[in-house]
Amino acid sequence: MIRMTEPSKINSSQNVPDHQPAAGGIAARARASVGPKYLTGLNPEQRDAVETLDGPVLVLAGAGTGKTRVLTTRIAHILSQGRARPAEILSVTFTNKAAREMKHRLGQMLGQAVEGMPWLGTFHSIGGRILRTHAELAQLKSNFTVLDTDDQVRLLKQLLQADNIDDKRWPARMLAGLIDGWKNRGLTPSQVPPGEAAVFANGKGGKLYASYQERLKILNAADFGDLLLEDIRIFREHPDILRQYQQRFKFILVDEYQDTNVAQYLWLRLLSQAPSKPAAQAAIPERVEDSNPDSPSESDNTHRPEMTERAAIAAASAGPTKNICCVGDDDQSIYGWRGAEVDNILRFDHDFPGAKVIRLERNYRSTGHILAAASHLIAHNEGRLGKTLRTEDQDGEKVTVTGSWDSEEEARGIGEEIEQIQRQGEKLNEVAILVRASYQMREFEDRFVTLGLPYRVIGGPRFYERAEIRDALAYLRVINSPADDLAFERIVNVPKRGLGDATVQMLHDHARKRRIPLFEAARAVVETDELKPKARGSLRDVVTQFDRWRAQREVTAHTDLAQIVLDESGYTEMWQKDRSADAAGRLENLKELVRSMEEFENLQGFLEHISLVMDRDSGADEDAVSLMTLHSAKGLEFDNVFLPGWEEGLFPSQRTLDEQGRAGLEEERRLGHVGLTRARRRAKIYFATNRRIHGTWSTTIPSRFLDELPAANVEITESKGGSAWGGTGGYGASRFDDMEAFGSTYSTPGWQRAQANRNRGQANGQGRNGGGGRGGFEEEASNFSSTSSSGPDFGSFSSRRRGPMTIEGELVAKSTGTTSEFSLSDRVFHQKFGYGRVTKIDGNKLTIAFDKAGEKKVVDSFVQRA
DNA sequence: TCTTCTCTGCTTTTT
DNA sequence: GCAGAGAAGA
């Protein structure tokens with residue numbers, strides 16, 4: 001059953017029941033042009049993963065083992081073997097980026113754009129597509145709106161208010177999280193275990209979930225969870241519909257299977273059963289609820305509800321499994337906190353009997369030392385499927401571990417190392433800083449701004465989550481669907497029209513009484529004298545404007561309409577008048593939005609897809625350092641990877657440890673593994689003894705993960721910014737312990753913290769006086785922005801460093817050659833800090849008093865005349 | 001109704 | 001240390 005090579009099929013097209021021209025094009029081309037060529041260059045395991053087409057297959061693909069290549073080659077293989085047409089392959093990913101990447105690579109492999117793969121996409125876009133087809137079975141219309149988190153929360157807030165629940169004690173955001181969690185686990189309101197439903201607002205949680213669902217139907221809206229959950233419900237209530245899809249999808253491929261949640265699992269599971277006639281079920285005895293000793297959370301009661309759910313689905317759909325191929329890596333499962341079930345991958349062969357498991361263990365990315373360090377670290381986890389990554393690459397440089405006195409010094413040191421890398425002629429695009437929490441980024445941003453080092457932040461608010469984009473979309477949503485109350489409410493007073501809370505409340509009352517949408521209520525209220533003349537006038541304007549735009553919609557291209565709406569509503573003007581730093585960027589984003597609409601046929605089509613498909617693009621062409629969280633680094637790779645902040649509490653995160661215990665620790669460890677395996681040639685780890693978190697300094701101890709790294713592959717180095725302990729390396733009581741300040745082998749955190757505190761003054765002195773040779777302009781500049789005192793504990797520390805260093809800094813700064821084209825009190829603009837005035841000039845380094853950001857020192861090339 | 005001031009409470013993030 | 005929300009003033 002392994003190799004299905006039937007040579008006759010390759011050249012004869014009559015075996016393919018192929019009547020669709022587009023589909024035939026790709027399939028034919030695949031057969032003709034690819035031949036066996038696509039198989040060359042694959043290692044034996046990869047080849048096995050590509051060629052095992054029948055029955056369930058799990059490909060355990062470690063970091064850097066060619067996962068995407070296997071997936072795309074497998075699709076090419078299926079097509080070239082004539083086993084399915086492009087429209088018969090369901091191929092799901094988690095992110096749009098991954099879906100795009102696959103389409104791109106497939107296109108390259110098959111030599112053309114892959115328009116014929118209609119079912120290649122994210123779980124949510126495909127789920128949404130299925131739901132639109134059968135919307136009426138979920139009490140929706142096919143043009144339903146997909147709500148994002150913000151809309152969701154606002155809707156819940158209204159429900160809480162209506163129920164007189166204290167929004168302070170029981171925040172809407174928390175309820176949104178709970179509902180999300182339930183949906184991730186495939187639970188409809190009636191299926192939520194009563195105990196869990198009761199935890200919110202003294203037992204009202206379940207009821208609120210139910211009324212939220214009701215409201216969604218009235219608004220003709222679905223949230224992200226519904227896109228899958230409603231599909232599942234439809235599949236189960238209408239076996240004929242399910243069978244239709246089961247028959248259609250001859251092959252199913254799943255990327256990043258370790259990240260699937262229970263709902264996704266159920267969805268896949270239903271689709272992956274061979275279509276069986278309702279009555280005749282060749283029930284394979286399957287005991288999904290069996291305890292599996294390998295799976296860590298098995299004994300955990302909290303998983304019971306969905307386990308029974310799982311069992312029910314398994315029983316109902318027990319039939320031969322089709323050709324499903326899941327690719328994933330249990331060691332890279334880092335989304336447990338948002339509902340991903342590592343269990344799904346751990347028990348794959350259990351869920352899909354007869355599954356073939358193929359391990360890809362040859363790493364093509366990292367050098368020996370890096371791989372060894374990563375493997376050794378992850379080996380501390382229990383509950384793995386177990387893989388041993390190997391490379392045929394050289395050992396390369398050892399992974400470095402560097403301790404520094406505080407987080408500022410850490411940033412300074414990394415900045416210097418990056419400059420060094422740059423001097424060696426390497427590209428900044430090949431440098432990444434991966435942090436655990438986004439608040440760590442700031443320090444680096446400040447540093448890079450000072451150094452004039454180009455960087456880009458990856459992640460952060462997505463394009464369509466930006467306020468200006470959501471506002472613009474809200475206008476379009478109201479035009480498209482007058483019943484969209486959430487959208488109407490969002491923009492009725494944006495820009496300011498004198499229609500505040502009081503007016504909106506009044507509209508709500510009116511709308512509820514007559515059971516009409518807010519927009520219609522507004523139309524009616526304008527005709528009465530319930531509102532003050534001023535508010536009434538503005539509201540009338542709003543209503544007439546929307547009526548006009550809707551009329552124009554028939555005769556105007558949707559992109560033009562969007563532009564007209566933005567201009568006539570005064571929205572563009574609002575941002576043009578805004579003098580804050582990011583106003584220009586927002587206007588740029590609005591332009592980008594209008595541009596992106598061109599890809600869609602009409603307004604309707606655009607709105608249907610926007611929330612699912614829209615992505616930010618972070619100008620990747622420019623050579624710049626990448627700054628991102630460990631989470632968003634998954635799937636990326638760089639020559640040089642910097643990993644700062646390996647300290648207890650930060651990494652592993654204390655909160656994860658508190659909330660998830662052992663499972664949390666293991667997930668954090670996997671995060672470390674992901675971080676290390678991003679590096680091709682150099683991986684550099686850092687920790688600081690003192691870190692400012694939320695404004696206050698606290699003393700930290702090195703991460704336990706440092707102790708879990710293999711000594712043979714790791715080199716302990718001194719901070720380039722000057723060692724915290726006057727030259728001794730090492731960090732705290734660990735087996736690397738060769739350090740005087742903390743010289744002891746006691747290792748309880750409390751003891752270490754006590755030691756750290758006791759030694760602080762002493763170490764401080766050493767750092768300042770004995771550290772010598774540090775400082776210079778950079779030293780002074782980075783302190784410059786910290787205007788307020790750092791709290792009583794460190795008062796002496798701060799003042800001490802600020803005094804003499806400033807003088808030193810000035811001296812160095814004055815010696816920098818070039819003179820600036822700016823003069824004192826020039827008005828300037830800076831991308832990050834906004835508008836300000838030059839207060840001091842030192843060569844090409846300016847001190848600027850920013851209107852909003854305070855006083856900063858920056859290189860003149862980073863500002864322009866305002 | 002809009003602006004300014006005080007208070008709180010902080011991961012990770014895709015769709 | 002700062003953003004975001006809510007309450008008090010203009």
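To find a chain, count down the sequence lines: A is the first, B the second, and so on, and within it residues start at 1. Note that these values count all heavy atoms, side chains included, but never hydrogens, waters or copies made by symmetry.
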Participant: Do the side-chain N or O atoms of A/T696 get closer than 4.0 angstrom to the phosphate oxygens (OP1, OP2) of C/dG1?
Facilitator: no

Participant: In terms of side-chain heavy atoms of A/H694, which of C/dG1, B/dT15, B/dT1 is nearest?
Facilitator: C/dG1

Participant: Using heavy-atom distances to pick each residue's nearest nucleotide on DNA chain B, tell me which of A/R436 and A/R497 is more 5'.
Facilitator: A/R497

Participant: Please work out whether the ring planes of A/F606 and A/F600 are parallel, tilted or perpendicular, with thresholds of 30° and 60°.
Facilitator: perpendicular

Participant: Starting at CG of A/L434 and ending at P of B/dT12, how long is that distance when rounded to a whole Å?
Facilitator: 15 Å

Participant: Under 4.0 angstrom, heavy atoms only, what part of the nucleic acid is A/K534 near: base, sugar-phosphate, or nothing?
Facilitator: nothing

Participant: Looking across every strand, which nucleic acid part, if any, lies under 4.0 Å from A/Q440 by heavy atom: base, sugar-phosphate, or nothing?
Facilitator: nothing

Participant: Is any side-chain N or O of A/T149 closer than 4.0 Å to OP1 or OP2 of B/dT15?
Facilitator: no

Participant: Whole angstrom is fine here: how far is it from CH2 in A/W337 over to P in B/dT13?
Facilitator: 6 Å

Participant: Name the closest nucleotide to the A/A437 side chain, picking from B/dT13, B/dT15, B/dT12.
Facilitator: B/dT12

Participant: Would you mind classifying the nucleic acid contact of A/S653 as base, sugar-phosphate or nothing, using non-hydrogen atoms under 4.0 angstrom?
Facilitator: base

Participant: With respect to the side chain of A/R442, which nucleotide from B/dT1, B/dT13, C/dC2 is positioned closest?
Facilitator: C/dC2

Participant: Can you work out whether A/K496 or A/H631 has the more 5'-proximal nearest nucleotide on DNA chain B?
Facilitator: A/K496

Participant: Are A/R132 and A/F144 in a cation-pi contact, defined as NZ or CZ under 6.0 Å from the six-membered ring centre and within 45° of the axis?
Facilitator: yes

Participant: Parallel, tilted or perpendicular: which describes the rings of A/W575 and A/Y571, with under 30° parallel and over 60° perpendicular?
Facilitator: perpendicular

Participant: Whole-Å distance between C/dG6 P and A/Q161 CD?
Facilitator: 9 Å

Participant: Are a donor atom and an acceptor atom from the side chains of A/Q152 and A/K157 found within less than 3.5 Å of each other?
Facilitator: no

Participant: What's A/D259 touching, base or sugar-phosphate or nothing? Going by heavy atoms closer than 4.0 Å.
Facilitator: nothing

Participant: Rounded to whole Å, please give me the gap between CG in A/D501 and P in C/dG6.
Facilitator: 10 Å

Participant: Would a line drawn from the ring center of A/Y265 to the ring center of A/W267 be shorter than 6.0 Å?
Facilitator: no

Participant: Between A/N96 and B/dT15, is there a side-chain N or O to OP1/OP2 distance below 4.0 Å?
Facilitator: yes

Participant: How about A/H124 and A/F94: are their ring centres within less than 6.0 Å of each other?
Facilitator: no

Participant: For A/S632, report the nucleic acid contact type (base, sugar-phosphate, nothing); a contact means any heavy atom under 4.0 Å.
Facilitator: sugar-phosphate

Participant: Please report the distance, rounded to the nearest Å, between CG in A/D255 and P in B/dT15.
Facilitator: 13 Å

Participant: Could you give the CZ-to-P distance, from A/R169 to B/dG9, as a whole number of Å?
Facilitator: 14 Å

Participant: Would you classify A/A535 as touching base, sugar-phosphate or nothing, given that sugar-phosphate means primed atoms plus P, OP1 and OP2, and contacts are heavy atoms under 4.0 Å?
Facilitator: nothing

Participant: Select one nucleotide: of B/dT1, B/dC2, B/dT13, the one nearest the side-chain heavy atoms of A/T629.
Facilitator: B/dT13

Participant: Verify the contact: side-chain N or O of A/N184 to OP1 or OP2 of B/dT15, cut-off strictly under 4.0 Å; return yes or no.
Facilitator: no

Participant: Round to a whole Å and report the spacing from CZ of A/R655 to P of B/dT13.
Facilitator: 13 Å

Participant: CZ of A/F651 versus C1' of B/dT12: gap in Å, rounded?
Facilitator: 11 Å

